[in-house]
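Beneath this line is the structure, given in structure tokens, with notes to follow.
Residue numbers start from 1 in every chain, and the chains themselves are labelled A, B, ... in the order their sequence lines are given, proteins ahead of strands. For clarity, every value in this text was computed on a predicted model and none was experimentally measured.
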2 protein chains.
Amino acid sequence: MRIGDLAKATGVDIETIRYYEKAGLLPEPGREANGYRAYRQEHLERLAFIRHCRALDMPLESIRRLLDFVAHPEAECGDINRLIDEKLARVQARLNSLRALESQLAALRAQCGENHSARECGILHELVAAAHGEACACHTK
Amino acid sequence: MRIGDLAKATGVDIETIRYYEKAGLLPEPGREANGYRAYRQEHLERLAFIRHCRALDMPLESIRRLLDFVAHPEAECGDINRLIDEKLARVQARLNSLRALESQLAALRAQCGENHSARECGILHELVAAAHGEACACHTK
DNA sequence: TTGAAACCATGGAGCCGCTACGGGGTCAAG
DNA sequence: CTTGACCCCGTAGCGGCTCCATGGTTTCAA
């Protein structure tokens, strides 16, 4: 399998594959006589694993640690639990702040209806008022 | 006002203030005889405006556009509405994907209870299964 | 057989929004 | 005269790619 085949099979960009190799996530494949990378089934599986973890928004460093566990199955898995727990906590924190942001933006958007000059734009007024530390629909607290 | 005073007044890091200047968001201030930056009230207000927009998670580029509107109040504000609408849409999309992620992580976490060897870790099994394209508690679709 | 298109290689820069670092100049108090 | 707090500038680093320039290789059709 050449790098383009692997890319097609996994939906991962060629440059990204090379990046994962440089980052130490994907083992260096063998080379054809002409220097082209020659991948095998194990690379495909490994890459699928990495992409699945990325779909779960795990940083590459966490994936590295998970791959260590795959390589050393006799180790304790407490760290894996912790990794997932921490990730979950961060996701929930981010959810909370995004929910707050959503309502702030919605309030801000409600300040301006149709097109008119920026001078009378409620959104801009709100933002400028906030810059003066005054009450602001999008930043009440 | 020197940069340290401005930093204290706004809660913005000194390096960040210089960065905003270099990025063209904060106008270049005058200088004292010794070369130190000399800020005035308008800089403080502008910086507060920027930070408020950043609190709303707007990218610097959007803030630049908003500042253009502040400077040219005769322009139509339709772009402002669009800017906020787009931001709102992105926030909502991110909320949806984070909500999905949360339940996936929770399902994943439920696969593994207490400490044991990684070989029997349900989380790792799920992730490896996913790499093979099999059904996966954290990635059902 | 030639030549174009599609593939592959490498190394390096760019993206965002900072943050940190290194190596210096300035200034007031003790 | 030294200490420390402040300021200057330029550069590099973070994560996770993405894009670029430059050049070699393969594959197909004319």
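For the residue pair B:Tyr39/B:Arg46, the side-chain donor-acceptor check at 3.5 Å is not satisfied.
OP1 or OP2 of C:dT19 lies within a sub-4.0 Å distance of a side-chain N or O belonging to B:Thr16. Checking the phosphate oxygens (OP1, OP2) of D:dC8, a side-chain nitrogen or oxygen of B:Arg37 falls inside 4.0 Å. Phosphate contact (OP1/OP2 of C:dG25, side-chain N/O of B:Asn34, threshold under 4.0 Å): absent. The phosphate of D:dG15 has neither OP1 nor OP2 within less than 4.0 Å of any side-chain N or O from A:Tyr19. Using a 4.0 Å cut-off, some side-chain N or O of A:Arg18 falls inside it from OP1 or OP2 of C:dA9. Here A:Arg31 reaches the OP1 or OP2 of C:dT10: one of its side-chain N or O atoms lies under 4.0 Å away.
A straight line from CD1 of A:Ile17 to P of C:dC8 spans 9 Å, rounded to a whole angstrom. Atom pair A:Leu26:CG and D:dC17:C1' shows a separation of 15 Å (rounding to whole Å applied). In this entry the distance linking CD1 of A:Ile14 with P of D:dC20 reads 15 Å, nearest Å. Between B:Glu61 atom CD and C:dC16 atom C1' there is a gap of 12 Å when expressed in whole angstrom units. To the nearest angstrom, C1' of D:dG15 lies 12 Å from CD1 of A:Ile63. Summarising the geometry, the separation between CD on A:Glu21 and P on D:dG16 is reported as 18 Å, rounded to the nearest angstrom. Following rounding to the nearest Å, B:Ile50 (CD1) and C:dC18 (P) show an atom-to-atom distance of 10 Å. Atom CG of B:Asp5 is separated from atom C1' of C:dC27 by 14 Å (rounded to the nearest Å).
At a cut-off of 3.5 angstrom, counting only N and O atoms as typed in the model, there is no donor on one side facing an acceptor on the other between the side-chain of B:Glu15 and the base of C:dC18. Between the side chain of B:Tyr36 and the base of C:dG25, at least one donor-acceptor pair of N or O atoms lies under 3.5 Å.
For A:Ile3, the listed nucleotide lying nearest its side chain is C:dA9; candidates were D:dG16, C:dC18, C:dA9. Side-chain proximity of A:Arg2 to the nucleotides D:dG16, D:dT27, C:dC18 is greatest for D:dT27.
Using a distance-only test at 3.5 Å, with no hydrogens or angles considered, a donor-acceptor pair links the side chain of B:Arg109 to the main chain of B:Cys112. Although no hydrogens or angles enter the test, the distance criterion places a donor-acceptor pair under 3.5 Å between the side chain of A:Asp5 and the main chain of A:Arg2. With hydrogens and angles ignored, the 3.5 Å screen pairs no side-chain donor or acceptor of B:Arg90 with any backbone N or O of B:Asp85. Listed for the A:His43 side chain is a donor-acceptor partner under 3.5 Å among the backbone atoms of A:Arg40.
If you find the closest nucleotide of DNA chain C to A:Ala38 and to A:Lys22, the one lying nearer the 5' end belongs to A:Ala38.
Using a 4.0 Å heavy-atom criterion, one finds that B:Arg51 contacts the sugar-phosphate atoms exclusively.
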